[in-house]
Amino acid sequence: MSDEQLSYLELLARGAAAEAYDRPALLARASGAGPEALAALEQAKQLALRVRAELEGRRRREAELSALFETAHDLAGLRDLDAVLRAIVQRARSLLGTEVAYLSLNDPVAGDTYMRVTEGSVSARFQQLRLGMGEGLGGLVAQTARPYVTESYFDDERFRHTRTIDSGVRDEGLVAILGVPLTLGSQVIGVLFAADRRARVFEREQVALLGSFAAHAAVAIDTANLLAETRSALAELERANGIIRAHSGVIERASEVHDRLTELVLRGGGVHDVAAALSEVLGGTVGFTEGPLPGPAYGDGRAVRHGDDWVAAVSAGGEVLGALVLRGHPDLDPVDRRTLERAAMVTSLLLLARRSAGEAEQRVRGELLDDLLDAPERDRRLLRERAARLRTDFDAPHVVLAARIDRSAPATAEGSAPERDTGGRSATGRDGAPGHGTPPEDAAVRESADRQRLWSAASHLAATRHGLASARDGGTVLLLPLGPGDTAAGLARHVAKHLGGTLREPVTVGASSPVDAPAARPGAISPAYAEARRCLEALRLLGRSGEGAAAQDLGFLGLLLADSRDIAGFVDRTIGQVVAYDRRRGTDLLRTLDAYFASGMSPVRTKDALHVHVNTVAQRLDRIARLLGPDWQSPARALEVQLALRLHFMSAAVAR
């Protein structure tokens, strides 16, 4: 064997590239070797290349087997499905020597296939592709369950091209693509791909290798799904056991709270005793909130979740007395909710018992107010003593309020006199005749029940505010003290909102002007009540049922209704800011207003009357709008402004 032939063994030993096998023949030819020697070298070269190819094939198969073994090992210790799928895609790309490898899974709900794992991809659009069944090479593989390979994707017409898929493939720069199906039994669950950014022919062995990786991927997905189903079933069993244990404990707690609540009722316990017992049994903090609740859902006797709290209305006879509020317990099972609802029922019984005891005091309060209205000439010292026993300060300013449940019935004429019982209260009321189709006896029963509910709620409110209340003229009259910063109008609105929320009916409330000291002026209570009733009727006629107001809220109509005829107050509320502006700045806005109304609200005729430029008139009117508000020229406001102007000029003339 010549030295040149031995060099081929050396090339095989060090795994030289195929191009290096041409060098021995070239050196022999350069040194002048004969044809026989060159032919022998060519034969040795071909033999060496076949040996090299065989060695390369064995190494490749060894690497493939090693990769498949590693993949099987990963499956045996499967913990994270995504990690296993990424490893499969990475090994497929490495062994096939492609620039990109990726795996898609079928979506049975959407009826398409989507990218799950990519390796070597640089295009965000490509990584987010979704392929319809039969669309693109991948869609064709997913639909037919057969491997497909293309040397040049965009020149291949065997599958359906779409703009979306072609745009993604073009962004990624792919040319040659091999796709094999991921199958579980006869069902295709996805596709495994290997792709290059240049034209390439995939050999049969490479297709088989990628198919082996696809089989491993399918097993990994199936194993992960089985594990997930097993974990889910175990979790469901654990939850069921937990529910059974919890229900057993809840039933025991419900029995305990039933016994404790029964004991509380029998020994005359109070609302706070119920709340304390419930807090201990439910493992949270329970408090009682008095008064009406927001929202209609709170009044149906059911415990309702409100944020992280639970609210159970305490009601009786359609009237909401308050609520039990469970805090610090956002997750409440049905049995505990029922316990909270039962406790609310017990609380309503206790409150009704307390209310029955307090009704005697309420009747005494009503009798005192009736005496103030019907017989103010009685001994003032005696009136003061009776008020003191009821913790009512008759030396403080008070407001008289007339309240009525308003079901949108027409008001009776002001001159009609309702029938009265011996206590001075209305026997028939003034809420209007019963509607068409309603039997008179049913309407009478309903009106009587409404008056009773209104009187009960108003009496409770009066007691809490150290005032008086009495049923009268088909509604209720209240005498309430004015607190610091309170106004008659604000008090009327508060009472209307409070009573309406408690009764869940629209309650209209009219208020009188303040009475400075009922003890010193008991005769002022009756005229104040008449003023409050006029204000109440005005609200109903104006379509403002369910609201509360005093005369000062009704503009010039309030000026006519009020007994005090507070002209200066009306002028100040209506145009006081314009008067003050003229006084501070020495301007002539009042005279401009007067001329503007006298000229039919025409700026052109106004400038002729004032002998100024029309721009001056426009500037003054703009200033007036900023002082009085943008709606000052509306019909209702304009009428009040004109009346206030006349009263202001008349007062100024009288003062001179």
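Index from 1, following the sequence. What you are looking at is a predicted structure, and each value in this text was computed from that prediction instead of being measured.
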Open item on the list: Run the side chain to side chain contact (heavy atoms under 4.5 Å, CB included) test on Val286 and Val325 for me, step by step, so that the C-alpha distance in whole Å, both residues' side-chain angles and the decisive distance to 0.1 Å come before the verdict.
Closed with: CA-CA 5 Å; Val286 178; Val325 181; over 6 Å; no

Task: Straight-line distance of Leu479 CG to Ser512 OG, nearest 0.5 Å - done: 8.5 Å

TODO: Measure the shortest side-chain to side-chain distance between Val399 and Val515 over non-hydrogen atoms and say whether it is less than 4.5 angstrom.
DONE: no

TODO: Looking only at non-hydrogen atoms, find the nearest pair between Ala549 and Ala492 and report the distance.
DONE: N-CB, 3.5 Å

Open item on the list: Holding to side chain to side chain donor-acceptor pair (under 3.5 Å), I want the full list of residues that pass it with Asp486, two or more places apart in sequence or in another chain.
Closed with: none

Task: Heavy-atom side-chain proximity of Leu478 to Val400 below 4.5 angstrom - done: no

TODO: Before giving the answer on side chain to side chain contact (heavy atoms under 4.5 Å, CB included), spell out for Arg404 and Arg451 the whole-Å C-alpha distance, their side-chain angles and the decisive distance to 0.1 Å.
DONE: CA-CA 8 Å; Arg404 186 180 302 156; Arg451 287 196 297 270; over 6 Å; no

TODO: Might you work through the side chain to side chain contact (heavy atoms under 4.5 Å, CB included) test for His398 and Thr392, ending with a clear yes or no?
DONE: CA-CA 10 Å; His398 280 63; Thr392 299; 4.1 Å; yes

TODO: Spell out, as yes or no, whether a donor-acceptor pair under 3.5 Å connects the side chain of Thr476 to the backbone of Ala471.
DONE: no

Task: Expected output: side-chain Asp393 to main-chain Asp395 donor-acceptor under 3.5 Å - done: yes

Open item on the list: For a quick test of reading the model, state the closest non-hydrogen atom pair linking Trp310 to Ala303 and the distance between them.
Closed with: CZ3-O, 3.9 Å

- [ ] Could you name each residue pair satisfying side-chain hydrogen bond (donor to acceptor under 3.5 Å, both in side chains) that touches residues 595-619, not counting sequence neighbours?
- [x] Tyr596-Gln633

Open item on the list: Using side-chain heavy atoms (C-beta onward) and a distance below 4.5 Å, is Asp473 in contact with Arg533?
Closed with: yes

Task: Reported CG-to-CG distance for the pair Asp622 and Leu627, which is rounded to 0.5 angstrom - done: 10.0 Å

TODO: Show the numbers, then the answer: is there a side chain to side chain contact (heavy atoms under 4.5 Å, CB included) between Leu468 and Phe394?
DONE: CA-CA 11 Å; Leu468 306 176; Phe394 268 9; 3.8 Å; yes

- [ ] Check whether any side-chain heavy atom of His460 lies under 4.5 Å from a side-chain heavy atom of Arg465, and answer yes or no.
- [x] no

Open item on the list: Does this structure show an ion pair linking Arg591 with Asp588, if we count only N-O contacts that are shorter than 4.0 Å?
Closed with: yes

Task: pair Glu531-Ser513: side-chain heavy atoms closer than 4.5 Å - done: yes

Open item on the list: Any heavy-atom pair between the side chains of Val509 and Val507 that's under 4.5 Å?
Closed with: yes

Open item on the list: Is a donor from one side chain sitting under 3.5 angstrom from an acceptor on the other, for Glu547 and Thr508?
Closed with: no

Open item on the list: Minimum heavy-atom separation for Trp455 and Ala469, please, with both atom names.
Closed with: NE1-O, 4.2 Å

Open item on the list: On a heavy-atom basis, which atom in Ile525 and which in Leu373 lie closest, and how many Å separate them?
Closed with: CG2-CD2, 3.6 Å

Task: Option from Arg584, Gln577, Arg585 for which side-chain hydrogen bond (donor to acceptor under 3.5 Å, both in side chains) with Tyr581 holds - done: Arg585

- [ ] Return the minimal non-hydrogen interatomic distance between Asp516 and Arg521, and the atom names on each side.
- [x] N-NH1, 4.2 Å

TODO: Indicate yes or no for a side-chain donor-acceptor contact from Asp582 to the backbone of Leu589 under 3.5 Å, with no hydrogens or angles considered.
DONE: yes

Open item on the list: Between Leu480 and Val495, is there a side-chain heavy-atom distance shorter than 4.5 Å?
Closed with: yes

Task: Separation between CG of Leu454 and CD of Glu505, rounded to the nearest 0.5 Å - done: 10.5 Å

Open item on the list: To the nearest 0.5 Å, what is the distance between CG on Asp450 and CG on Leu503?
Closed with: 8.5 Å

Open item on the list: Using side-chain heavy atoms (C-beta onward) and a distance below 4.5 Å, is Thr487 in contact with Leu491?
Closed with: no

Task: Carboxylate-amine/guanidinium contact Asp374 Arg472, below 4.0 Å - done: yes

Open item on the list: For residues 609-621, which residue pairs pass the salt bridge (charged side-chain N to carboxylate O under 4.0 Å, His left out) check, not counting sequence neighbours?
Closed with: none

Open item on the list: How long is the straight-line distance from CZ of Arg493 back to NZ of Lys497, given to the nearest 0.5 Å?
Closed with: 11.5 Å

- [ ] Over all heavy atoms of both residues, which pair between Ala496 and Gly546 is shortest? Give the atoms and the distance, please.
- [x] CB-O, 4.2 Å

